[in-house]
Amino acid sequence: MDKTPFEIASEAAAKIAELSGIEKHDIALVLGSGWGGAADLIGETVSEIPAADIPGFFAPAVAGHGASIRSIRTASGKYALVLGSRTHFYEGRGVRAVAHGMRVAAAAGCKTVVLTNGCGGLQAHWAPGTPVLIRDHINLTAASPLEGATFIDLTDLYSQRLRDLAHEVDESLPEGVYVQFRGPHYETPAEVQMAKVIGGDLVGMSTTLEAIAAREAGMEILGISLVTNAAAGISPTPLSHEEVIAAGQAAGPRISALLAEIISRL
Ligand code: 8IG
């Protein structure tokens, strides 16, 4: 019989424990576009493992995305498991590959996950570099990370408790609804307008499937988007990957400090 995704995840968690020397992690952190430097302020890195050495992970597909699994000891003595690489649905490796990091984090002991991403903004007043708390999502991938008759409640998927805690750090943080498209192309202006009409504030290519998998695995979820560009048609200039990377770099110090402060309170 083939191994289940949960069996592979627990093998991966055992391998991380063995290679890192850390028996149990507390908080998982996924670093998306623009968030790469944000781990450095969280605490002391005690282990760094190439993701490709752990069962079920792949080398990243996009330049600018990291590729390691780090263990960081926070000031409060908790252990954060920092997933520097994420498998995107658009890579075509299937939902198991997308959900794997969440299942591994839960198997490694994490009770909380902080999902970050870079995304397009639908609100014209959100300049590139604006961090936004994810309040809810709309999954337009037509896929689910869950298999079989697995009915999971998604009310309060992006924990109100954790959003309140983030607001204690920065009360000015806006909240928004994240809409995941499959990608890898960016949206047309018409698709961006559709996302707006159905209640979206942010458009991206990650996070929703991971959040669902994280909920299934029993973790509490905080989602933070970095608006790296106005979504297509919201601003008159076309989108470029370079713009996305540049906005992430410019916002780096602020979002790194924000993330570190939030994580210190988890
Ligand atoms: I960074 O404008 C980033 N990722 N779908 N649309 C989508 N994904 C994104 C965008 C965007 N910017």
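This is a predicted model, so every value here is computed, not measured.
The closest donor-acceptor contact from the side chain of Arg215 to the backbone of Asp153 lies under 3.5 Å. Remark: the backbone N or O of Val177 is not paired with any side-chain donor or acceptor of Asp136 at under 3.5 angstrom. Without hydrogens or angle criteria, His167 side chain to Leu173 main chain gives a donor-acceptor distance under 3.5 Å. Under a 3.5 Å cut-off, the side chain of Gln249 and the backbone N or O of Ala246 do not form any donor-acceptor pair. Without hydrogens or angle criteria, Tyr178 side chain to Ser206 main chain gives a donor-acceptor distance under 3.5 Å.
Within the 4.5 Å cutoff, side-chain heavy atoms of Ile262 are placed close to those of Ile224. Residues Leu226 and Thr116 have side chains not in contact (no heavy-atom distance under 4.5 Å, counting atoms from C-beta outward). In this structure, Arg182 and Pro184 have side chains that are in contact, with non-hydrogen atoms separated by less than 4.5 Å. Taking the side chain as every heavy atom from C-beta outward, Leu115 and Asn117 never approach each other to under 4.5 Å. With a 4.5 Å cut-off on side-chain heavy atoms, Asp170 and Leu258 count as touching. Side-chain atoms of Glu210 and Val98, non-hydrogen and from C-beta on, do get closer than 4.5 Å to each other. At least one side-chain heavy atom of Leu19 sits less than 4.5 Å from a side-chain heavy atom of Ile54.
In this structure, CD1 on Ile138 lies 9.0 Å from CZ on Phe181, to the nearest 0.5 angstrom. Interatomic distance, Glu168 CD to Glu261 CD, rounded to the nearest 0.5 Å: 10.5 Å. Separating the CG atom in Leu154 from the CD1 atom in Ile152 is a distance of 8.0 Å, to the nearest 0.5 Å. In this structure, CG on Leu222 lies 9.0 Å from OG1 on Thr112, to the nearest 0.5 angstrom. The distance from atom CG of Leu259 to atom CG of Asp40, rounded to the nearest 0.5 Å, is 11.0 Å. How far CG of Asp53 is from CD1 of Ile69: 9.0 Å, rounded to the nearest 0.5 Å.
Remark: Arg163 pairs with Asp156, Glu175 by the salt bridge (charged side-chain N to carboxylate O under 4.0 Å, His left out) rule, at least two apart or across chains.
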Pairs of donor and acceptor atoms involving the side chains of residues 25-32, under 3.5 Å and at least two apart or interchain, shall be tabulated with distances.
{"unit_1": "His25", "atom_1": "NE2", "unit_2": "Ser71", "atom_2": "OG", "d": "2.8"}
{"unit_1": "Asp26", "atom_1": "OD1", "unit_2": "Lys24", "atom_2": "NZ", "d": "3.2"}
{"unit_1": "Asp26", "atom_1": "OD2", "unit_2": "Tyr79", "atom_2": "N", "d": "2.7"}

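Ion pairing between a basic and an acidic side chain is recognised when a charged N comes within 4.0 Å of a carboxylate O; Glu11 and Lys15 show no such pairing.
Within 6.0 Å of CD on Glu23 lie no more than 12 heavy atoms contributed by other residues, nucleotides or ligands. Few gaps surround NZ on Lys196; more than 12 heavy atoms of other groups in view lie less than 6.0 Å from it.
Placement of Tyr186 and Met194 in two distinct hydrophobic clusters is found when ILVMFWY residues are connected by side-chain heavy-atom separations under 4.5 Å, directly or transitively.
Judged purely by distance below 3.5 Å, without hydrogens or angles, the side chains of Gln180 and Thr141 never pair a donor atom with an acceptor atom.
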